[in-house]
Every structure is written in C-alpha cells, then in structure tokens.
Amino acid sequence: MTDSIWRSVQVLISRLFPASYRWPAQDIRLDDRLLHLVGSIHMGMRDMQPLPARLLRQLQKADALIVEADITQGSSPFDDIDPRESLEARLTADDRTRLEALCGELHLSLTMFNTLPAWQIALMLQAQQAQRLGLRPDYGIDYQLLQAAKQLNKPVIELEGAGVQIALLKSLQDDGMALLQDTLTYWHTNARLLQMMVSWWLDAPPRQPRIALPSTFSSALNDTLIARRNKEWRERLRALPAGRYVVAVGALHLYGEENLPALLQR
C-alpha cells in the first residue's frame, strides 16, 4: 500500500471512529504531523486539577506544547495603556445604566473603569464573572499544561503571544466599545456558556464539533475574535515541522461554525 493511500485510509478511519476523550479534544493528522487539539478554559475550577493522566501522557509523548500565548511569561500586558476620556463621554445613557447596575451587582466602583479603554473594561468584567462562578487562573487548562510542559522540559510554541492579542484588542473599532456592549448585553448568556465549558471538563465533552452554541458576540466580533483567528492558526499549524503536538486553544475554537478542526481538515 502506498504512503498516500495509507494516509487516506488513516484519515477515513479517524473520521469514522474518532478517539474518545473525557475532556474536550480532537486528534488531527496533517501528513507527518499529529495534533492533539485540546479545548482549553483559561480559568478553571479546583476540580480540574490535576489534569487527566491520559492528557499528561499525550504531552509527555509530544514534541512541543502549542498555546495561544504563554501566560506564565512577561509582565502585565495592560501596563502601557494610555488613559481614555471619561466614561460619561463615551457611553450611551442605556449602556451607562447597565454598567452601573452590573457594578452594583459585582460590588465594584464605576470610577475604577473611568479612564480605561472599553475592551479592557469588558475583559475585567468577564474576569470578575468567572471568579464569581468559582473559576481561578491557576486552575486554567492552558496554565496547567504550561506548568506540566516546563516540568517535562517540553518546548512551548505560541500561536499569537500576549502582544499580538493586545494589539488585536487595540485594533477593535471604537476602542472595543462593541465588546463592552456585548459583555453587558449577553452577561447571563456568557455565564451559561462558561458553565457549559466547565461541564465539558468535569462531566462530558460534546461529541459533535458543529454543536449549537449560545451567542455571546455580535457577528462582526465573532468573525474578528474567533473565525479569523482560527484561519490564521490553521496556517501556523499546517506549517509545523513533522512531529507530535499538544495544541491548547480556547474551547470555543473547537466547536461551532468555522471551528479549527474543521478548517484544518479542508
């Protein structure tokens, strides 16, 4: 049997009988590269520690760990952000009312956000929401994988890096006001989505990649923050040298329309 026919048979077998894991993951073979794609949660619960032994064995056999950004390196990416004009001048009356109500619910002072860019306010609110749901950064899947990779002396490859991620946020139109508005609009929907992703790790992951996910972004933001990045990551992953890799990206990138595994197999 020729190599090309054998690879075709392997692809067919993998599609008919995908490997089953008790965490959100898929195996993708790209010629001489084997990717174990892990749907990470950037903030996790205590019950997510330690990582499954089978996942750690995957990392032990891998040539490198690939993450969106190595969050164990460098200083805060928010250190060099210039102050903005007062929120009162930037927010509509409705958005200000919703933000004030949310700050009251979270026991936060609105003044702490007054001169921050809208996208940073959105991220800080989302982090507060995750913490209220019992999630912590040191239990995050990518953080735990990075710590394990260091213990195993495995190379770490960044798909983007923190600098690129901050540059993307800074490039959002109107200083990321749409991201803040979506955070306020879909606040409770996002909480349900976080709980869904936690259940993928603690209970059972979805078996179908094209599952229906609750919308927490407008279509334009979803294209910028999910779809476009998936396409960029596809090219980075296709350019890897031969080998085995554990690839940890946000769980939402593995499911729904234009998900990363589907793009890689086109």
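The minimum heavy-atom distance linking Met124 with Leu116 is given by the pair SD-CD1, 3.5 Å. Nearest heavy atom pair, residue Ala191 against residue Leu133, reads O-CD1, 4.0 Å. Looking at every heavy atom in both residues, Trp23 comes nearest to Trp201 through CB-CZ3, 3.3 Å. Among all heavy-atom pairs drawn from Pro261 and Leu37, the shortest one is CG-CD1, 3.8 Å. Asp182 and Ser218 get closest at one heavy-atom pair: OD2-N, 2.8 Å. Contact record, Gln129 with Leu194: OE1-CD1, 4.0 Å, taken as the closest heavy-atom pair.
Residues Asp70 and Thr72 bring a donor and an acceptor atom of their side chains to less than 3.5 Å of each other. Counting only N and O atoms by type, the side chains of Gln58 and Tyr21 include a donor and acceptor under 3.5 Å apart. Inspection of the Asp142 and His42 side chains reveals an N or O donor paired with an N or O acceptor under 3.5 Å.
Remark: Glu88 CD is loosely packed, at most 12 non-hydrogen atoms of other residues, nucleotides or ligands lying under 6.0 Å away. Annotation: Gln131, atom CD; neighbour count of heavy atoms from other residues, nucleotides and ligands within 6.0 Å is above 12.
Residues Tyr245 and Pro155 are not in side-chain contact: their nearest non-hydrogen atoms beyond the backbone lie 4.5 Å or more apart. Ser40 is not listed as a side-chain neighbour of Tyr143, based on a closest heavy-atom distance of 4.5 Å or more. For the pair Val247/Leu237, a side-chain contact is recorded, criterion being any heavy-atom separation below 4.5 Å from C-beta on. Within the 4.5 Å cutoff, the side chain of Val249 has no heavy atoms near those of the Val38 side chain. By the 4.5 Å heavy-atom criterion applied to side chains, Leu108 and Leu102 are not counted as neighbours. Leu99 is listed as a side-chain neighbour of Leu110, based on a closest heavy-atom distance under 4.5 Å. Using a 4.5 Å heavy-atom cutoff, the side chains of Gln49 and Gln144 are in contact. Here the side chains of Met45 and Arg136 are not in contact, with every heavy-atom distance at 4.5 Å or above.
Within the structure, salt bridge (Lys or Arg N to Asp or Glu O under 4.0 Å) pairs that include any residue of residues 146-168 comprise Glu160-Arg229 (at least two apart or interchain). Within the structure, salt bridge (Lys or Arg N to Asp or Glu O under 4.0 Å) pairs that include any residue of residues 97-120 comprise Asp95-Arg98, Arg96-Glu100 (at least two apart or interchain).
Taking hydrophobic clusters as Ile, Leu, Val, Met, Phe, Trp and Tyr residues chained together by side-chain heavy-atom distances below 4.5 Å, Tyr139 does not share a cluster with Met197. Connection of Leu34 to Val156 is not established within any shared hydrophobic cluster, with ILVMFWY side chains joined at heavy-atom distances below 4.5 Å, either directly or through further cluster members.
The side-chain contact (heavy atoms from CB on, under 4.5 Å) with Pro117 is formed by just one residue from the set Leu179, Asp174, Asp175; it is Asp175.
Ion pairing of Arg228 with Glu258 is absent here, as no side-chain N (NZ or NE/NH1/NH2) approaches a carboxylate O to less than 4.0 Å. Ion pair Arg33/Asp31 flagged as a salt bridge, since at least one NZ, NE, NH1 or NH2 atom sits closer than 4.0 Å to an Asp/Glu carboxylate oxygen.
For the atom pair CG (Leu91) and CG (Leu180), the distance works out to 6.5 Å, reported to the nearest 0.5 Å.
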Steps toward side-chain contact (heavy atoms from CB on, under 4.5 Å) verdict (Leu193, Tyr186):
CA-CA 10 Å; Leu193 186 58; Tyr186 300 109; over 6 Å; no

side-chain contact (heavy atoms from CB on, under 4.5 Å) assessment of Leu145 paired with Leu59:
CA-CA 8 Å; Leu145 281 170; Leu59 181 60; 4.3 Å; yes

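Between Trp200 and Tyr255, the gap from one ring centroid to the other is short of 6.0 Å.
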